[in-house]
Amino acid sequence: NTNTSTNESSVPVFGSSERLRSVAVVPGNVVVSDTETITEFQVVEGSNGERLKATCRIAVYLTPNPNSREGLLWQDVNGKAVAFFDYEMD
């Protein structure tokens, strides 16, 4: 999912998001993890479009497995993210 716009100072802004489910199968166990990455890229003012800065947020979700403790916790949080990690990139 992407979105391009300008902010109050008319600097171009580009946003993207990605939702990812990874599944690891090991003997006797399956590990599933759900994450969402949202990144906003912005042209640095005065750089003539040659420099970008970005803000990235990674959200971590529990998985809805009714046969595990994590599945019960997933119900408690109504499927919402349980951890956020924010990064600034220049």
Side-chain angles (χ1 to χ4, degrees):
N1 186 13
T2 60
N3 183 25
T4 304
S5 65
T6 55
N7 59 15
E8 301 81 32
S9 63
S10 70
V11 173
V13 175
F14 173 81
S16 69
S17 66
E18 173 186 37
R19 207 143 166 155
L20 174 69
R21 171 169 277 182
S22 62
V23 179
V25 179
V26 294
N29 200 9
V30 176
V31 179
V32 179
S33 64
D34 291 334
T35 59
E36 181 177 18
T37 304
I38 304 164
T39 308
E40 179 182 271
F41 299 91
Q42 183 174 346
V43 174
V44 174
E45 288 189 66
S47 71
N48 293 330
E50 295 180 8
R51 263 186 79 209
L52 294 175
K53 67 179 182 177
T55 303
C56 177
R57 171 168 276 187
I58 299 173
V60 179
Y61 296 85
L62 298 174
T63 54
N65 180 350
N67 299 320
S68 71
R69 174 81 176 125
E70 183 177 344
L72 296 174
L73 292 172
W74 177 84
Q75 291 175 342
D76 288 346
V77 299
N78 295 319
K80 295 178 183 171
V82 295
F84 292 99
F85 301 94
D86 292 330
Y87 302 93
E88 297 284 330
M89 297 172 272
D90 237 349

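In this text, all values refer to a predicted model and were calculated from it rather than measured experimentally.
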Would you give the length of the straight line joining atom [atom1] of [X] to atom [atom2] of [Y], rounded to the nearest 0.5 angstrom?
{"X": "S16", "Y": "I38", "atom1": "OG", "atom2": "CD1", "value": "9.0 Å"}
{"X": "D86", "Y": "T55", "atom1": "CG", "atom2": "OG1", "value": "8.5 Å"}
{"X": "E36", "Y": "I58", "atom1": "CD", "atom2": "CD1", "value": "11.0 Å"}
{"X": "M89", "Y": "E40", "atom1": "CE", "atom2": "CD", "value": "11.0 Å"}

Next on the checklist: Can you tell whether the side chains of D90 and K53 come within less than 4.0 Å, N to carboxylate O?
Outcome noted: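 No, no charged N to carboxylate O under 4.0 Å.
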Checklist entry - With side chains defined as the heavy atoms from C-beta onward, is the minimum distance between Q42 and P12 less than 4.5 Å? => result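 The answer is no, as the side chains (C-beta and beyond) never meet within the 4.5 Å cut-off.
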Checklist entry - L20 and V23: same hydrophobic cluster, using ILVMFWY side-chain contacts below 4.5 Å? => result no
Checklist entry - Is there a path of hydrophobic side-chain contacts, each under 4.5 Å between heavy atoms of I, L, V, M, F, W or Y residues, that connects F84 with V82? => result no
Next on the checklist: side-chain contact (heavy atoms from CB on, under 4.5 Å), that's the test. Do L52 and V44 meet it? Break it down for me.
Outcome noted: CA-CA 5 Å; L52 294 175; V44 174; 5.7 Å; no
Item to check | Nearest heavy atoms of T39 and C56, plus distance in Å | outcome: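 Heavy atoms of T39 and C56 come nearest at OG1-SG, 3.6 Å.
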Checklist entry - If only atom types and distance count, is the side chain of E70 paired as donor or acceptor with the main-chain N or O of L62 below 3.5 Å? => result no
Checklist entry - Looking at F85, is R57 sitting on its ring face, NZ or CZ under 6.0 Å from the six-membered ring centre and within 45 degrees of the normal? => result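 Not flagged: R57 not positioned over aromatic ring of F85.
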Checklist entry - Within 45° of the axis and under 6.0 Å from the centre of the six-membered ring of Y61, does NZ or CZ of R21 qualify? => result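 Negative - R21 is either too far from the ring of Y61 or too far off its axis.
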